[in-house]
Amino acid sequence: MTVRPSFLVVALCLGSLFDWQPVRSGEQALSALLRPTDGLVQVCLPTFTEPEQTRRALAVREAREAWGSWEIALRSGARSSDARRELAVVPVVEPRRSAQELIVRVPPGAVLAGAAVTSHGVLLGFLRPWRRDAERVESGGLARVALLGNPKARPVAAEWRASAESPAVHFLLTSGAEGPTIAHTSREGVLASGQLAYTRDASMFGDALPGGLLLGRVKQKDASDIPGGALAESRQREGKLESLVDAYTLDHVVLEVDVGVPWEIRETSCRAFASTSRRGRLRLDAGMWNGIASQDLVVQDGVFIGQVKAAGPWSSEVHRELPPGKVLVVSPEGEVVSTTPLSADWPRDWVPQVGWRVVVGHRVYGGFLAGEIREVGPRGFSVERPLLDPEGDLQVFER
Amino acid sequence: MIVALVFVAVFLGQVFVVSRGWFGSFAPDPLVPIAAFVALYWPRRTVLLSLVLLGWLRASLLVEPAGGQVLAVLVAYAIVTGLRTHLLEFREFGYVLGAFILAGCWSMAAVLTSSAFGIGISGGRELVLGGLLSIPLAGWAMNLANRYGETS
């Protein structure tokens with residue numbers, strides 16, 4: 001059987017258009033022809049001016065500070081259980097709503113099973129092993145977080161108080177069919193719907209979970225759920241807990257890691273071909289053979305340039321779009337909001353303004369300047385991306 | 001002949017990138033007169049490979065999926081080749097007309113591919129302006145065609 005060349009060409013074209021990575025990777029090969037004359041092209045192109053560099057350096061510093069302050073806010077309320085351990089902000093790779101868990105990226109060999117996972121002082125859940133009999137919590141740099149309410153999450157000693165001076169009502173937060181369930185309320189205590197519940201310091205019983213982490217809002221059982229007679233009293237002592245945070249929408253969470261365990265980051269340095277457009281895309285003079293893979297982040301002097309769309313053997317294609325997920329939006333007053341460019345995801349009563357800075361973060365390298373808001377519309381905002389310095393080096397590393 | 005074509009296309013492609021850096025989308029695409037020459041006078045045996053290389057090179061320069069540009073140039077070629085016998089009768093004018101038809105079809109195919117696949121495939125003004133370049137090059141193109149190409 002023979003294949004007509006034209007059919008093969010059309011099939012490959014469709015493979016390329018449907019973003020089939022083997023074809024997309026192979027088509028990068030032709031850019032080797034651009035390399036010999038690329039230096040000459042660079043000389044002939046418009047250059048990056050001095051004021052642009054100064055302005056950019058200032059904005060980059062502000063972006064780093066914004067990311068740093070956001071990380072501090074994310075860690076707030078949590079504390080490490082041991083001097084050999086520290087709190088780290090780690091990215092969520094995949095939220096699994098059906099399994100009531102999150103998959104997070106962690107430094108290899110640096111986390112323990114049962115470590116508390118928090119965000120802004122709210123307890124979200126605990127790390128659990130990949131398999132029941134497995135000792136390792138992390139596999140290939142990924143770990144599972146069993147969210148509160150997941151049957152695999154351990155019970156939590158909790159309490160609520162009517163006021164700071166009032167005696168605490170203690171209870172145990174367990175997992176039930178309807179999510180986090182309140183049980184074993186202290187004998188003298190009663191529940192009140194709407195009250196906030198916090199973790200209780202139970203270190204005297206050997207529990208390393210710190211007290212004071214927010215758990216959620218107490219909700220008494222509905223009257224219809226309770227049988228009559230003497231059991232009616234249980235309505236005051238049993239209930240559910242409503243979470244205040246939708247854990248599945250979080251991009252980053254906080255957990256304990258061993259001090260000084262480094263992240264294993266694939267990283268390389270390269271340049272962009274001057275011969276390629278600087279509008280929304282660019283081509284790197286390095287590819288798979290230099291350790292670049294699809295989805296890697298491309299950065300130049302603290303400025304987020306883009307994400308690798310397709311990596312060929314010796315060249316890669318970079319798209320200058322924001323990475324999917326949340327970014328930080330920084331107002332001139334320094335207010336930092338983590339959101340996506342879509343207005344549906346914005347916090348209530350919050351509207352960004354033109355000129356506000358947009359910051360993209362990385363688990364190891366912190367915040368990078370991604371640009372400024374160019375336009376705000378009913379569907380969201382668009383971002384004016386900073387210019388690429390054609391003569392500068394680029395750093396490429398995995399997300 | 002294909003090697004020569006690739007060298008010329010790479011050189012002119014780089015010139016296009018520089019002019020695009022200064023003039024934006026008002027820079028004419030010099031690959032259009034080359035593609036028109038290939039479509040009208042190139043030996044039939046290697047015309048497919050030559051056009052694939054031209055589309056692929058344009059995609060490399062513009063950092064786009066090569067499939068879009070290759071498909072667009074092949075669609076444009078299919079239309080020009082249908083008119084080939086008529087265009088050859090008009091000699092230089094036929095070459096210029098062919099270049100404009102090719103640029104228009106290439107541009108249209110790029111727009112259609114863009115909207116069909118939701119991927120940015122560059123076409124438009126640059127290609128049509130590239131057709132203008134065929135006017136001063138028409139004489140050279142005819143000489144080359146008489147010497148190396150197929151003019152019947």
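Source: prediction; values computed, not measured. By convention in this document, chain letters (A, B, ...) are assigned in the order of the sequence lines, proteins followed by strands, and residues within each chain are numbered from 1.
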Select, from B/Phe11, B/Phe117, B/Phe16, the one with the greatest count of heavy-atom pairs under 4.5 Å involving chain A.
B/Phe117
Option that, when pairs with chain A are counted at under 4.5 Å, heavy atom only, ranks first among B/Ala66, B/Gly120, B/Pro65:
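Of the candidates given, the most pairs with chain A belong to B/Pro65.
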Report yes if the side chains of A/Asp19 and B/Ile119 come closer than 4.5 Å at any heavy-atom pair, otherwise no.
no
Closest heavy-atom pair and its distance - B/Val17, A/Ala274
CG1-O, 3.6 Å
Please report the closest heavy-atom contact between B/Glu64 and A/Arg281, naming both atoms and the distance.
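It is CG-NH1, 3.2 Å.
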Would you say [X] has more than 12 foreign heavy atoms packed within less than 6.0 Å of its [atom1]?
X	atom1	value
A/Trp20	CH2	no
B/Arg44	CZ	yes
A/Lys326	NZ	yes
B/Phe90	CZ	no
B/Met108	CE	no

Hey, mind stepping through A/Val318 and B/Val63 against side-chain contact (heavy atoms from CB on, under 4.5 Å) and telling me if it holds?
CA-CA 8 Å; A/Val318 175; B/Val63 200; over 6 Å; no
Less than 4.5 Å to any heavy atom of chain A: does that hold for the side chain of [X], its backbone, both, or neither?
X	answer
B/Ala59	backbone
B/Val15	neither
B/Ser19	neither
B/Val18	both

Per-residue contact mode, A/Val9 against chain B (heavy atom under 4.5 angstrom):
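Contact with chain B is through the side chain of A/Val9 alone.
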Identify which part of A/Leu40 has an atom lying under 4.5 Å from any heavy atom of chain B, answering side chain, backbone, both or neither.
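It is neither, since no heavy atom gets under 4.5 Å.
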Contact list (residues 67-75 of chain B to chain A, heavy-atom gap under 4.5 Å, by number) returns B/Gly67, B/Gly68, B/Val70, B/Leu71, B/Leu74
Got a second to check how far A/Leu30's CG is from B/Arg58's CZ, nearest 0.5 Å?
14.5 Å
Can you pull out the residues in residues 367-376 of chain A with any heavy atom less than 4.5 Å from chain B?
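Near chain B, by residue number: none.
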When you measure from the side chain of A/Glu27 to the backbone N and O of B/Trp56, does any donor-acceptor pair fall under 3.5 Å?
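Between the backbone of B/Trp56 and the side chain of A/Glu27 there is no qualifying donor-acceptor contact (under 3.5 Å).
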